[in-house]
Amino acid sequence: LSMDELASGKVGPVVSIPVSFICAGNRRKEQNMTKKTIGFNWGAAAVANSVWTGVRLCDVLAYFGITKVSERHQYVHFEGPEGELPQGATGSYGTSIAMGWALDRERDVLLAFKQNGELLTPDHGAPLRTLLPGCIGGRMIKWLTKMSVSDKPSENHYHFFDNRVLPPHVDAELATAEGWWYKPEYIINHININSAMFEPRHNAFFPLGGSCAYPTMKVSGYAYVGGGLKIIRAEISLDGGKSWEIADLTRPEDEIAAARGTDKHWCWAWWETEIEASRLQNCTEICCRAVDSNQNLQPAHLTWNVMGMMNNCLFRIKVHPWTDSFGVPGVWFEHPTMPGNEKGGWMTEDAGKFDAEQATLALPGPRGMAPKRPVAAVWGQEAAVDAVASKAASSVTSPSVPANASAQAGRLVASKPEWLTDGISMEEVSKHNDEKSAWIVVKGHVYDCTPYLEDHPGGASSILLVAGQEATEDFEAVHSKKAWGQLEDYYIGPLRNRSVPSAPVVAPAPQDEGFLKKQAQPLPLIEKITVSQDTRIFRFGLPSPNARLGLPTGMHMLLKAKVGGATVMRPYSPMTDDTTRGHVDLLVKVYFAGVHPNFPDGGKMSQHLESMSIGDTIDVKGPLGEFNYLGSGSFTLNGKPGKCSKITLIAGGTGLTPCFQ
């Protein structure tokens with residue numbers, strides 16, 4: 001059977017079905033924080049949804065004369081390419097499903113060759129893959145090379161040693177010694193019910209007073225379930241799971257399922273609500289749960305298993321109080337973990353640490369009015385709930401010095417013996433924040449960059465923008481290996497750490513003070529204007545209609561975003577000047593991937609801006625730059641005043657914006 005024959009419809013009708021893919025290891029890092037599993041650290045985002053196109057497996061089997069289960073035809077086997085993986089007799093990844101499942105048209109099992117209307121790409125399984133709606137991703141074979149029928153289930157190595165949930169007392173050694181891997185009752189196929197929160201984000205903050213206070217805050221997330229069931233309800237709790245409130249639920253798949261004449265649902269659902277800001281004052285935790293059409297719901301507690309799979313306990317976000325530098329009260333939010341090796345989370349060693357550099361504003365409620373709904377459920381086992389809800393109440397540790405701290409200062413700076421042995425406090429670092437003394441912290445080490453201000457290729461302002469602060473992520477985003485080597489010449493001692501949450505430095509600005517600060521602050525995208533096929537005006541809203549950006553003419557603002565898991569920072573000059581109130585406009589040429597042969601990946605930041613939806617935020621800080629035009633020929637350059645009768649400007653592309661100002 002050729003691909004052309006399969007795609008032509010000769011074997012059976014070509015169909016398209018929306019399906020969510022979920023890795024069985026979604027939310028595994030929470031299990032790894034309890035006890036290490038044999039799997040890597042998935043966060044809560046191992047979920048995706050696409051429209052898949054292919055031919056139903058039941059039609060392919062019928063084409064070859066298999067229309068019912070028989071003694072010989074009890075299982076369908078699937079295998080990927082041989083030599084793909086290090087273990088097993090052939091090195092292939094394989095599995096099998098029961099013949100009754102394969103023949104059931106309502107199960108929508110596909111041999112898929114398109115995703116979202118386009119032929120599969122190699123990383124998604126080109127040219128052909130299996131699609132088992134409602135199942136864990138590990139049961140769907142990419143790069144399908146072999147399919148067969150048998151009277152026995154697959155004996156492929158990964159059919160046994162992957163995608164199983166064993167009892168919590170069974171570790172890897174015991175599973176091998178006692179043969180737990182081969183017990184058929186512990187294999188997993190269908191995904192279980194689960195939910196998690198998008199908003200509020202980890203390390204987000206929300207003011208509860210002052211001019212920037214909002215009446216409500218948005219709380220939103222996703223929910224999914226396998227087996228063709230549908231999510232019928234999503235709920236949140238603000239008291240550790242004692243009482244529950246129903247959220248608004250959206251199932252985009254409903255109309256499609258109705259048009260297909262089926263009760264099967266293969267896609268995730270989204271839920272959203274908003275809560276009154278006043279309810280956050282004494283709140284210590286927000287948690288969520290979902291309910292499906294069979295009345296299954298999520299358990300309150302995590303149950304560990306050796307593969308760290310199918311973790312679906314209540315998703316809990318801790319709520320911590322803070323007060324900004326102006327004395328305005330608020331709260332900040334802490335997710336259980338961050339994905340991969342990212343730091344942060346109330347289940348981790350970094351519990352209770354607020355990162356002011358990465359802080360974003362939790363989104364206000366879109367309507368400004370919380371729904372008036374009665375409590376949906378009340379759980380009376382208060383003692384049990386209280387025990388769960390108190391996990392991250394306190395996590396203060398004694399001062400400590402990084403283990404890899406050097407005993408000698410860098411060759412271009414002077415230090416003190418007590419700094420090198422006992423460390424330097426963050427309070428001391430914060431005092432060195434100007435051109436007279438500019439210290440930064442990178443990966444727990446303190447560096448005195450004052451001697452390098454004049455020689456820095458990016459100008460002194462790039463250093464001064466982070467002087468007196470934690471600068472690891474900023475440094476990583478823009479510097480080469482050579483720069484990392486040079487940094488050690490300016491080392492003066494380790495940072496004396498304390499696991500105490502620090503208050504965000506972001507504060508409501510006085511009435512006519514500019515918005516920009518040295519610390520990153522979020523700005524929401526409020527409008528996107530298409531200028532040409534690759535040029536856009538991105539309009540970002542300032543906190544109030546009368547607010548101004550606070551960017552001197554000739555200087556830049558830094559945009560900061562996570563792109564592909566890495567921090568990206570780029571300087572931009574807006575096309576609006578500092579007399580513009582309420583918003584700031586950026587004229588940006590989008591460097592799309594696949595356009596220029598020398599830059600096949602395109603521009604990271606410009607493509608990120610293009611991908612933003614209205615309401616999405618991006619972090620900004622500034623001002624940045626050495627030249628400040630004051631008007632009438634007056635200017636400052638590196639802080640020194642100057643006067644000129646002519647200015648010659650050369651600009652290309654969207655680099656004309658400083659000239660336009």
Side-chain angles (χ1 to χ4, degrees), residues 195-223 233-249 270-291 298 300 314-324 326-336 346 352 354 359-382 384-394 501 503-504 506-508 522 543 615 617:
S195 69
M197 280 179 264
F198 304 138
E199 294 285 348
R201 286 155 288 172
H202 176 73
N203 205 59
F205 62 92
F206 195 75
L208 299 179
S211 59
C212 290
Y214 298 93
T216 63
M217 186 187 77
K218 179 179 178 180
V219 182
S220 63
Y222 67 72
R233 193 165 82 240
E235 301 170 344
I236 67 164
S237 173
L238 302 185
D239 54 13
K242 297 175 186 176
S243 62
W244 294 89
E245 305 165 29
I246 294 178
D248 295 322
L249 187 68
W270 310 319
W271 58 266
E272 179 178 324
T273 189
E274 51 190 294
I275 58 177
E276 294 173 348
S278 60
R279 298 181 65 193
L280 294 169
Q281 291 179 348
N282 299 312
C283 178
T284 60
E285 181 181 81
I286 304 173
C287 49
C288 68
R289 71 180 182 186
V291 183
Q298 294 165 252
L314 301 183
F315 190 84
R316 302 174 183 270
I317 294 178
K318 301 298 180 182
V319 184
H320 302 284
W322 62 264
T323 303
D324 69 17
F326 285 80
V328 176
V331 291
W332 70 275
F333 303 95
E334 187 176 25
H335 283 221
W346 61 263
F354 182 86
T360 57
L361 177 68
L363 293 182
R367 294 177 294 274
M369 181 179 297
K372 302 297 182 182
R373 296 193 182 104
V375 173
V378 177
W379 188 20
Q381 300 179 23
E382 295 188 4
V385 178
D386 288 342
V388 175
S390 63
K391 166 70 178 173
S394 64
V506 179
T617 61

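FYI, side chains are in, hydrogens and waters are out, and symmetry mates aren't considered; it's all heavy atoms of this structure.
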(message) Quick one, Ile275 and Ile236 - any side-chain contact, counting heavy atoms below 4.5 Å?
(response) yes
(request) Would you please test Asp248 and Trp271 for side-chain contact (heavy atoms from CB on, under 4.5 Å) and show each step? (result) CA-CA 5 Å; Asp248 295 322; Trp271 58 266; over 6 Å; no
(message) For the CG atom of Asp239 and the CH2 atom of Trp244, what is their distance to the nearest 0.5 Å?
(response) 8.5 Å
(request) Please assess Phe333 against Met217 for the test side-chain contact (heavy atoms from CB on, under 4.5 Å), listing each intermediate value before the final yes or no. (result) CA-CA 12 Å; Phe333 303 95; Met217 186 187 77; 3.4 Å; yes
(request) Starting at CH2 of Trp332, measure out to CZ of Phe354 and round the result to the nearest 0.5 Å. (result) 7.0 Å
(message) Has His335 got a side-chain atom pairing as donor or acceptor with Pro200's backbone, closer than 3.5 angstrom?
(response) yes
(message) As a quick check of understanding, evaluate side-chain contact (heavy atoms from CB on, under 4.5 Å) for Arg233 and Leu249, giving each step before the final call.
(response) CA-CA 7 Å; Arg233 193 165 82 240; Leu249 187 68; 5.7 Å; no
(request) Over all heavy atoms of both residues, which pair between Pro522 and Thr617 is shortest? Give the atoms and the distance, please. (result) CB-CB, 4.0 Å
(request) Measure up the Tyr222 and Phe198 rings against each other and bin them: parallel (under 30°), tilted (30 to 60°), perpendicular (over 60°). (result) tilted
(request) Taking all non-hydrogen atoms of both residues into account, name the closest pair between Cys288 and Ser195 and its distance. (result) SG-OG, 3.4 Å
(request) Considering only NZ, NE, NH1 and NH2 on the basic side and carboxylate oxygens on the acidic side, decide whether Glu285 and Lys318 come within less than 4.0 Å. (result) yes
(request) Using atom types as modelled and distance alone, determine if a side-chain donor or acceptor of Glu272 lies under 3.5 Å from a backbone N or O of Lys218. (result) no
(message) A side-chain contact here means heavy atoms from C-beta on lying under 4.5 Å apart; do Glu334 and His202 qualify?
(response) yes
(message) How long is the straight-line distance from CD1 of Ile246 back to OG1 of Thr273, given to the nearest 0.5 Å?
(response) 10.5 Å
(message) Is it the case that the side chain of Trp346 and the backbone of Arg316 share a donor-acceptor pair, with hydrogens and angles ignored and the cut-off at 3.5 Å?
(response) yes
(request) Would you check if the side chain of Arg201 reaches a backbone N or O of Leu361 as a donor-acceptor pair within less than 3.5 Å? (result) yes
(message) Rounded to the nearest 0.5 Å, what separates atom CZ in Phe315 from atom CD1 in Ile286?
(response) 11.0 Å
(message) Tell me the closest heavy-atom pair linking Ala290 and Ala223, and the distance in Å.
(response) CB-CB, 3.7 Å
(message) Side chains of Leu208 and Gln281, heavy atoms from C-beta outward: is any pair under 4.5 Å?
(response) yes
(request) Enter the distance from Leu363:CG to Glu274:CD here, rounded to the nearest 0.5 Å. (result) 11.5 Å
(request) Check whether any side-chain heavy atom of Phe205 lies under 4.5 Å from a side-chain heavy atom of Val331, and answer yes or no. (result) no
(request) Please answer whether the main-chain N or O of Ser243 pairs with a side-chain N or O of Ser237 as donor and acceptor at a distance below 3.5 Å. (result) yes
(message) If I compare all heavy atoms of Phe206 with all of Thr216, which pair ends up nearest, and what's the gap?
(response) CZ-O, 3.4 Å
(message) Quick check for you: to the nearest 0.5 Å, what is the distance between Leu238 atom CG and Ile317 atom CD1?
(response) 11.0 Å
